[in-house]
Amino acid sequence: MAVVVVESPAKAKTINKYLGSDYTVLASYGHVRDLPPKDGSVDPENEFDMKWEVAPESRKHVRAIAEALKTDDTLILATDPDREGEAISWHLKEALAPSLKKGKKVSRVTFNAITKSAVTEAMKAPREVDDALVEAYLARRALDYLVGFTLSPVLWRKLPGAKSAGRVQSVCLRLIVEREMEIEAFRAREYWTVTATLATPRGQEYQARLTVLGGKKLDKFDIPTAEAAELAVKAVTSRTLTVSGVESKPASRNPWPPFMTSTLQQEASRKLGFGAKATMSAAQRLYEAGHITYMRTDGIDMAPEAVMAARDEIRDRFGPGYVPDSPRMYKNKAKNAQEAHECIRPTDMSAAPEKLRLADPDQRRLYDLIWKRTIASQMAAARLERTTVDITSPDGQVGLRATGQVVLFDGFLKVYDEGRDDDGEDEGRLPQIMQGEAAEKRGVLPEQHFTQPPPRYTEATLVKRMEELGIGRPSTYASIISTIQDREYVRKDKNRLIPEDKGRLVTAFLANFFRRYVEYDFTADLEAQLDDVSAGERDYKEVLARFWRDFSAAVGETSDLRIGEVLEKIDDFLAPHLYPPRPDGADPRACPTCGTGRLHLKTARSGGAFIGCGNYPECRYTRPISGAEDAVTADGRVLGEEDGVEITLRAGRFGPYVQKGEATAESPKPPRASLPKGWSPESLTLERALMLLNLPRRIGPHPDDGEVIEAAIGRFGPYVKHGSTYANLPDVEEVFTIGMNRAVEVLAEKAARGPGKGRGAAAEPLRVLGDHPDGGPVVVMPGKYGPYVKWEKVNATLPKGSAPETVTLDEALVLIAEKAGKAGGRKTAKKPAAKAAGEKPAKAKAAPKKAGAKKPAAKKPATKTAAAKPATRKASAKASPAKD
């Protein structure tokens, strides 16, 4: 009986169903080995020798596979069909080497979809582990390690507060920072347009835009002011207008190709609001359940049998008119065939979303998107008619144009149309307009416009840009974007990516001292070299040697840099952001407190950076590196007075806050209140500050018992309080306006939820992820310090940045296994075996200790190594840079 190893329990369960009892299918739970997060794991002086170790949480999985191989002679490695999957198979083969002696066979199989036919066919065509793909993985992993563990310490020493740098992560961060700098440097330009509402002789209205004025064709900025726009309006209203031309042209629109990884992430962001990580998590689960093909791919081609199945489904569902005469073939865009798998598509074209009935809403919505895109890609083109109508004055001084289109046959649009990143509007449909007929004017209006700055990146547009530049690969997009957010270099606000100050500082440092390594062309060329390695066209150690020679020299050049020198260069690089022009035209770097000092970028002992006056310590003016000059200062921005006492806005360790008065010997802690989330320091008024300082707010006595009800803002948000009962409010603003009736209603609703819903009682799970392999449900729970996953008595906190709605069962199992290991294996230890017949039962109590007897040595727990190692690993991993 052969042992088949895959990555996840879900995948193992599905495959075991197809293979039956002749196979033992086990899960490796992802990678089983990694480079220890410490210096020396990659040795450039010894031909880039790499020291691998089995992760503590993976040891039991490796042992389980080794145990199975004691009675089975064949090991089949069936991990994912890409570079990463090949690497996992190689690691398994290496880790299991002691168990693979004495003629045991090892083979590798791959399948692009987890269906019975795909799996059984793959088992008929085993092969060896692909050395070229493994070497490409080794090169990528070594590069990421060398950059991270060499560059990050330089950052820590020269730029206090920085966390890490990565080979691709830093380039991705540069894209976001440079876009933000473009937005800040942008200066809007005013222009006007004139639109007329016209009517046909039959009374049907349509819109037309002024395109000719004074006999000349108008360019975008030819009407620059309101005065010019009024003159244009008068020119139109003072003339009769006639339709001088009507031109209708047939047009067609072809469908979009089926999804590959990047386009799936982009479209899921536009239409579903999913981040890249959430998209890939849902797609992974759909793949492991056998619903879609492999989801990490650069390919857009589709298997011939899938094309024919799609055409059959289109014919059955929509009729033969929607099936094109010949199948549509899409050319693969991938430069390297190792990533060029088939497109992302349903494994069964007839399994429409309404038939599949997936329980998980994210999976259901994503599958619906994939199914529609796949079916539409094989449908007939949409046929349109585009009409252009020109309207002119008899003297030719004024001309207007109306455009519109009519869909004659919807074709693929019946099922699907791709979303867009811009806010452009589709052309509307025009009424019947005849050449030579009069155009009645029913209104002529000018409209003011301003040119817009380039938009901030969304995860979708960032992935698209990275793909255009050749940065990253399908398996890395989601992790790169997650890393820069987890490191707090970037935050996401309304789906837009905004660089944090520390992200700007890191980018400025790298752009000044390691410019070559954050250049887009350099990073893309290195990716191309790695593709050559995976194709067997380059030696991976030569790629590493060439990179390391120049990179180590660049690092050496920074050894003598002083922090002051680093800050000076970063100060100059970020000057447009740090010191924006003042409305009064004064020097933006002049200290607003002393008037004589110059503002400079400084660092604090505790890490982080701020703007401070050069006259320190005589002048103690400081402010955060972002925000206007009058934002929040250490000395406080005066908002006004109440009863002769100043109310100031200040910057504190935990963010901006308002304070009444100053600390004195009699009152060492003056009244103060933190700004709630969403309140902008720049727009804070005296009235709003006093509202905060007057909390908690007394609403009045409860009608049942007379005990006072109060409203306030706490650590977990706004709430109302009655005795020991707290009830959350949905909106901060309600704290200042809520009345008695509403407060009693909110408290009653809290009470109606009953015990188990209040403070200190058992909470309801946020999500049920599935069953643990050893039995029992695995759930996501809300916690005081953030969400966590729970199985029986094991609670494992979700990593920072992980959203409860995106965590998968596989991820949860890894966290639970690691947590159980740290607890000395208490959850994984088996019950003692039953005693054989006639054997004496174990004594319940130890015999009393004799006088003078030595104390027996404490018995070491069997899981000491597993228990001790993770803590060490976690401690060292805190400072380790993220992989790209």
Side-chain angles (χ1 to χ4, degrees), residues 7 30-31 34-35 79-88 133-148 164-176 259-266 268-269 274-281 283-284 287 294-299 333-336 338-341 344 457 459-487 489-490 497 517-518 520 522-534 540 543 547 801 806 811 880-884:
E7 294 94 334
H31 276 283
D34 201 358
L35 296 171
T79 51
D80 287 343
D82 61 0
R83 185 185 296 164
E84 203 71 15
E86 207 72 22
I88 292 174
L133 294 186
V134 172
E135 288 179 355
Y137 159 80
L138 293 175
R140 184 183 293 274
R141 189 69 188 89
L143 284 169
D144 292 342
Y145 174 92
L146 290 171
V147 171
S164 74
R167 185 177 62 84
V168 184
Q169 137 200 351
S170 299
V171 182
C172 179
L173 176 61
R174 180 189 168 193
L175 278 170
I176 297 169
F259 283 129
M260 57 181 175
T261 302
S262 61
T263 53
L264 176 63
Q265 291 176 358
Q266 292 165 41
S269 175
F274 288 2
K277 186 176 180 180
T279 299
M280 297 311 291
S281 175
Q284 178 84 37
Y287 165 69
Y294 191 56
M295 66 288 160
R296 293 187 180 92
T297 174
D298 277 345
K333 294 172 62 177
K335 296 177 182 178
N336 179 22
Q338 87 83 16
E339 298 280 13
H341 307 297
I344 304 170
Y457 285 112
E459 289 194 14
T461 55
L462 184 60
V463 167
K464 184 177 181 180
R465 184 60 180 149
M466 290 170 67
E467 185 184 32
E468 290 170 352
L469 293 170
I471 298 169
R473 288 296 180 262
S475 60
T476 65
Y477 295 138
S479 62
I480 290 168
I481 295 172
S482 294
T483 296
I484 58 177
Q485 293 180 69
D486 294 343
R487 295 289 177 185
Y489 290 160
V490 170
L497 298 172
Y517 301 97
V518 289
Y520 307 130
F522 176 83
T523 307
D525 179 65
L526 196 53
E527 292 283 2
Q529 291 181 47
L530 294 173
D531 287 345
D532 290 343
V533 172
S534 68
Y540 83 99
V543 173
F547 174 86
T806 63
E811 293 168 342
S880 68
K883 303 174 197 174
D884 281 329

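It should be emphasised that the depicted structure is a prediction, and the values quoted were computed from it without experimental measurement.
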Q: When rounded to the nearest 0.5 angstrom, what is the spacing between OG in Ser479 and CD1 in Ile484?
A: 10.5 Å
Q: Would you say Thr483 and Gln169 are linked by a side-chain donor-acceptor pair, where the criterion is simply a distance under 3.5 Å?
A: no
Q: Could you tell me which residues satisfy side-chain contact (heavy atoms from CB on, under 4.5 Å) with Glu811, sequence neighbours excluded, listed by chain and number?
A: Val807, Thr808
Q: Could you go through Leu143 and Leu530, starting from their C-alpha distance and side-chain angles, then the distance that decides it, and tell me whether this counts as side chain to side chain contact (heavy atoms under 4.5 Å, CB included)?
A: CA-CA 10 Å; Leu143 284 169; Leu530 294 173; 4.1 Å; yes
Q: How many angstroms lie between atom CG of Leu138 and atom OH of Tyr540, to the nearest 0.5 angstrom?
A: 5.0 Å
Q: Looking at Arg174 and Val518, would you say the former's side chain and the latter's main chain have a donor-acceptor pair under 3.5 Å?
A: yes
Q: Compare every heavy atom of Glu135 with every heavy atom of Val533, then report the nearest pair and how far apart it is.
A: CG1-C, 3.8 Å
Q: Which heavy atom in Ala268 sits nearest to a heavy atom in Thr279, and how many Å separate them?
A: CB-OG1, 3.4 Å
Q: Under the side chain to side chain contact (heavy atoms under 4.5 Å, CB included) criterion, do Glu527 and Arg140 qualify, and how do the steps go?
A: CA-CA 9 Å; Glu527 292 283 2; Arg140 184 183 293 274; 3.0 Å; yes
Q: Can you tell me how far the NZ atom of Lys277 sits from the CD atom of Glu459, to the nearest 0.5 Å?
A: 10.5 Å
Q: Any side-chain heavy-atom pair from Val463 and Ile481 closer than 4.5 angstrom?
A: yes
Q: Using the ring of each side chain (for Trp, its six-membered ring), is Phe522 parallel, tilted or perpendicular to Tyr517, with breaks at 30° and 60°?
A: perpendicular
Q: What pair of heavy atoms forms the shortest contact from Asp80 to Gln284, and how long is it?
A: OD2-NE2, 4.4 Å
Q: May I ask you to say whether Arg465 pairs ionically with Glu468, meaning some side-chain N is under 4.0 Å from a carboxylate O?
A: yes
Q: Looking at side-chain heavy atoms only, is the closest gap between Cys172 and Ile471 below 4.5 Å?
A: no
Q: Once you round to the nearest 0.5 Å, how far does CG of Leu526 lie from CG of Asp531?
A: 10.0 Å
Q: Does the Thr261 side chain pair with the main chain of Met295, one donor and one acceptor, at a distance under 3.5 Å?
A: yes
Q: Check step by step if side chain to side chain contact (heavy atoms under 4.5 Å, CB included) holds for Met280 and Tyr477.
A: CA-CA 10 Å; Met280 297 311 291; Tyr477 295 138; over 6 Å; no
Q: Heavy atoms only: give me the nearest Tyr294-Asp82 pair and the separation to one decimal.
A: OH-OD2, 2.7 Å
Q: Work out which heavy atom in Arg83 is nearest to a heavy atom in Ser534; give both atom names and the distance.
A: NH2-OG, 3.8 Å
Q: Would you say Phe547 and Val147 make side-chain contact, with heavy atoms under 4.5 Å?
A: yes
Q: So how far is it from Gln266 CD to Phe274 CZ, rounded to the nearest 0.5 Å?
A: 16.0 Å
Q: Checking side chain to side chain contact (heavy atoms under 4.5 Å, CB included) for the pair Val543/Asp532: CA distance, chi angles, key distance, verdict?
A: CA-CA 10 Å; Val543 173; Asp532 290 343; over 6 Å; no
Q: For Glu7 and Gly85, which heavy atoms make the closest approach, and how far apart are they?
A: OE2-CA, 4.4 Å
Q: Quick one: are Glu84 and Thr79 in side-chain contact, heavy atoms under 4.5 Å?
A: no
Q: Taking the side chain as every heavy atom from C-beta outward, state whether Thr476 and Val168 have any atom pair closer than 4.5 Å.
A: no
Q: Would you say the side chain of Ile176 lies within less than 4.5 Å of the side chain of Tyr489, judging by non-hydrogen atoms?
A: no
Q: Measure the spacing between OG1 of Thr297 and CG of Leu264 and express it to the nearest 0.5 Å.
A: 11.0 Å
